[in-house]
Trainee: 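First the structure, which I've put down as structure tokens, then a few questions once you've had a look.
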Amino acid sequence: MQALDKVLAQVGRVVLGKEEQLKLALTCMLANGHLLIEDLPGMGKTTLAHALARVFKLEYRRVQFTSDMLPADILGVSVFDPATQQFSLREGPVFTQLLLADEINRATPKTQSALLEAMEERQVTLDGVTRDLPQPFFVVATQNPVDQAGTFVLPESQLDRFLMRISLGYPAPEVELQLLAGGDLREQVRELQAVINSEGLIKLSRVVGKVRASHELLDYVQRLLDATRSDDRFVSGLSPRAGLGLLKAARAWALISGRDYVLPEDVQAVWPSVAEHRLSARQGGSVAATTQSLLQSVPVIRR
Amino acid sequence: MARIYQVPSHTRLWLALAVVLCSIPQLVKGVLWQTGLLALVILIRWLVDHQRLTLPGRIVRSLLLIGAVGLTFFSFGRLYGPEAGVALLVSLFALKYLEVVQQRDAYVVIVLGYFVCATALLFSQTLGMFLYVLLCMMVLTTCLVGINHSDTRASGWVHGKRAAMMTLQAIPMMVVLFLLVPRVAPLWNMQVGGDKARTGMSDSMSPGQISELSESAELAFRVDFEGEMPSRGQRYWRGLTLSHYDGRTWQQAIPQGIPESQYLYRPGNNKPDWYQRIAEQRESGLPGYRYQVIAEPTQRRWLFSLDVPFPIYGDVALAKDMRLVANRPVSERFAYRVESVPAVAEEIDLTRLERQLMLSIPEDAGVKARGLAQQWRLESPSAEGIAQRALQYFREQPFHYTLRPPRLAMDPVDDFLFRTRRGFCEHYASSFTFLMRAAGVPARVVVGYQGGERNELGSHLLVRQYDAHAWSEIWLENKGWTRVDPTAAVAPERIEFGLREALENSEEGSDLLDDLGLRRFSDGGVLALVSQWMDYVDFRWQTWVLGYDSVFQSEFLGDLLGAVSPTRIAIALIVSVGVLMGLYALFLLWRTGKAKQTLMEREYWRLHQRASERGRPLVVGLSPMQLCDAISEQWPQAAGAAQSWAKYYQKLHYDPASPPNKQQRRHLRRLRNRLYKLLD
């Protein structure tokens, strides 16, 4: 898939030294899933989202979430038009192809769930009128993991709507040097070339569905899911929806890796970002470490 | 009538098959209109299922019903009783099948089917029939599985396989219930098949009757000896004692004026004097043979045994002329156990009335023979001497032993003794007895079987119709009734080796044997072995399954449980059913818990194990490529080999487009073996 390599190369020009995360973000888009980025401010979340929108030639909007936000601020509102004597819908920012929901945990649960519902259904119902969201539709939400004062933490049931959660982290020293030496990031993002248009993206996500997964691989995925359920270090195990998401993400990862069938490595590559945010550890445990340890203890080949 | 209640199409064929299979045992009995009815029903159903016809209405079905009932009455003369009842049931079964619209109707047909196929066991209880009924039940269960299967696209074979599994799983339970559930004697006596004609002895003997019997290889009875078996020459299976002669035919007779209770001893009844004497004698420790006889149905009351039989088990009585009598006609296979003590025969007395009967011969028969007998009497005064003289006569004169004797003229005795001189055992026995009576020695004819072949597998004895034989008994003052076999004087090989050898040496030669089809049992080879095996299986079925009645059961349970009481039986039943259920549960757990490892999986784990043994222990969560990396890290020299193994494995195992074939798996194994050598 030369086009995908090109996408990675383009985005890599502005988000430096984060090949792994880029690939995961791309995987998430190909798998038609929403992405949650958990990181401190200024780590390049916006740049990443914006760059993705550019290379796929997607309509892009950004919403900064605050605690006084109402659902209407996102979905839109019906207004009375005196000229026509009728109500007409003023679309909210959600009517776009790629929505960056910044600091989603600052909004009240009511507003959060309005967005999350729109994400799941890919449509919005206002005043009894249902309107489809544009195709494709992606949400990249961000969350600040450290500054928790005055936030409404997303519950696990809501987090399940995000296919993946990634974090970017600090750049490596030499990458940071390169970054400092570079010019204006905003300018650079604007200069990015579109590689595939939105139709191309839709087509690609259909190809993802055709990536073959053998019975043995499905068995491995199932055993991984099972392991989270029977492991008492977790409060509860992964849902079947998470399992479907894991497989889809693994398929997309395989496609990006240039294969038309899925290997266990593909599952393992997407495993932390698909599984971690849906699981919570019992007190004292680390979700990340426990999730990772399952990859060691679950046999890849059935024994 | 919602669509969902209809019988799935993949089950309709099974249902039709089940109906036909369940009806076949009744249809082969030859009531032709029943076959026609079933064929008509199947045809209508086929047309209905293919939308060529609507289901026949109430009137047509009623007419068919009335017709079936009427024809049953016409064929059997009644509507009750086992034959007519089963015939009616099978007809109604076919008509019920005609009506099937909804699932509920199909359930009725299936449940009825279980009953219909079981009725076949009323008429025949052979192993073959049992297996056939089992097959019917399997097909019926297949229908049940099919009706309850929600996936309408499933093929019928899936149901068949499942039903077979279910039936097989039910077999241990069946065995436990068979062994433990108390057996009750049948509440009714059906007398099934009572009017069927069969080959076998008749209650009289006239020239030609036994030689006719000799042309049949049908089984007469089987014997299972406890301990040693007498030699062939001593195996005289007594059936009937014939005392009355009318010049042509010998018939059974009891001396006039003797009540049956004096002549016949039934275990449990009063013991007649003669029985008391022989029973006392038996107590004194005379050698005897103990054996079980399983007689084929004859519709007659007589049974076969060696001299002198004491009934041990079975519904039988002993007559004074040393024969066993069943208390009911033998209408199905019948088992009895006896101990035969030959030596007690001399204790049986001869009353005046009996002597009179045993000496009587018709006035006008055998004038020349009478003269001969009187001459012998003058020559030697003792009975033994006369008998010896008669046997010598048979030996010295040109007598021939033949299966196809010429017809005898008006006076059979003289005609045989002085003209044809060609005869079968009955001719010799008859004329010898006549000569003895004419010479004043009490004598009688005994018919039964002689010899029998041993089944090498089961070491039991098979006695067939062609072993039928007739011999004589004469009364000696000091020895009582003594067996004399005049046939032995003419054709000793008949007694020593059996009929086949006797015939082979006879003048008719061996082509007669071919004509009679008697050869098939003698020649060695596969066929003989197969026939021995079949007989063995049938015999064991007879003794172990059909012979397992209330008496054997209490004996068996006594050995098993120490003492037989309802509580103990109940506990044994609960425990064994519980154990079986537990085993099933364990099996199911084991099977779901551990699905069988495939060859590919084993391939991986072998390498994993080898690498863990030779180097660092490895975690289980390694993909083939990661395993290869772990190996390359520890054994750099093996990196190349590991790489090619992992790539090949990965492709075979994870690409559904190329599932591994045998050759590819072999190649993979070669790659692994190459890798093995590098892991040191």
Side-chain angles (χ1 to χ4, degrees), chain A residues 207-231 233 238 246-247 249-255 257-272 274-275 288-303, chain B residues 589-613 616-633 642-661 664-665 668-669 671-672 675:
Chain A
V207 175
V208 167
K210 288 187 186 133
V211 172
R212 296 189 295 271
S214 68
H215 177 77
E216 287 78 10
L217 185 104
L218 300 183
D219 189 56
Y220 175 51
V221 170
Q222 200 279 326
R223 278 181 284 115
L224 270 179
L225 296 174
D226 223 32
T228 65
R229 292 165 195 163
S230 57
D231 196 319
R233 289 174 291 180
L238 289 176
L246 176 62
L247 183 62
R251 283 191 151 118
W253 185 274
L255 184 68
S257 311
R259 236 179 302 104
D260 57 355
Y261 59 91
V262 188
L263 285 181
E265 281 89 343
D266 303 323
V267 178
Q268 293 179 345
V270 297
W271 170 250
V274 173
T290 315
T291 314
Q292 194 64 40
S293 77
L294 287 184
L295 290 183
Q296 317 288 316
S297 62
V298 175
V300 176
I301 311 281
R302 200 167 54 109
R303 59 193 307 178
Chain B
L589 273 178
W590 174 78
R591 228 181 41 167
T592 47
K594 192 187 167 187
K596 212 179 152 223
Q597 206 173 37
T598 65
L599 288 170
M600 287 299 286
E601 286 160 356
R602 209 173 305 153
E603 183 71 29
Y604 168 91
W605 286 108
R606 280 195 181 143
L607 181 60
H608 190 281
Q609 197 182 347
R610 174 67 66 103
S612 297
E613 281 166 7
R616 272 190 280 113
L618 301 171
V619 295
V620 294
L622 291 179
S623 73
M625 198 46 91
Q626 288 157 348
L627 177 63
C628 150
D629 292 342
I631 288 172
S632 310
E633 193 191 317
Q643 190 79 20
S644 50
W645 176 84
K647 272 193 178 149
Y648 202 67
Y649 187 95
Q650 175 169 297
K651 180 80 180 155
L652 291 186
H653 200 51
Y654 289 111
D655 188 357
S658 62
N661 61 30
Q664 285 168 321
R665 273 203 299 267
L668 187 68
R669 197 163 58 235
L671 289 177
R672 175 166 57 92
L675 184 53

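Side-chain atoms are counted along with the backbone in the values below, which use heavy atoms only and exclude waters and symmetry mates. Naming: A, B, ... by sequence-line order, numbering from 1 per chain.
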Trainee: Got A:Tyr220 and B:Ser623 here, is their nearest side-chain heavy-atom distance under 4.5 Å?
Mentor: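 A:Tyr220 vs B:Ser623: side chains apart.
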Trainee: Say you draw a straight line from CD of B:Gln626 to CG of A:Leu295; how long is it, rounded to the nearest 0.5 Å?
Mentor: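 Taking CD in B:Gln626 and CG in A:Leu295, the distance rounds to 8.5 Å.
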Trainee: Between B:Thr598 and A:Arg302, is any pair of side-chain heavy atoms under 4.5 Å apart?
Mentor: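 They are in contact (side-chain heavy atoms under 4.5 Å apart), so the answer is yes.
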Trainee: Apply the side chain to side chain contact (heavy atoms under 4.5 Å, CB included) test between A:Ile301 and each candidate in B:Arg602, B:His653, B:Glu603; give the one that qualifies.
Mentor: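 So, applying the side chain to side chain contact (heavy atoms under 4.5 Å, CB included) to A:Ile301 and each of B:Arg602, B:His653, B:Glu603, only B:His653 qualifies.
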Trainee: At what distance, to the nearest 0.5 angstrom, does CG of A:Leu263 lie from CG of B:Asp655?
Mentor: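 The CG atom of B:Asp655 is 9.0 Å from CG of A:Leu263, to the nearest 0.5 Å.
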Trainee: Does a side-chain heavy-atom distance below 4.5 Å link A:Glu216 with B:Met600?
Mentor: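 They are not in side-chain contact.
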Trainee: Taking all heavy atoms of B:Tyr654 and all of A:Tyr261, pick out the closest pair and write down the distance.
Mentor: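 Scanning both residues completely, I find the closest heavy atoms to be O-CD1, 3.6 Å.
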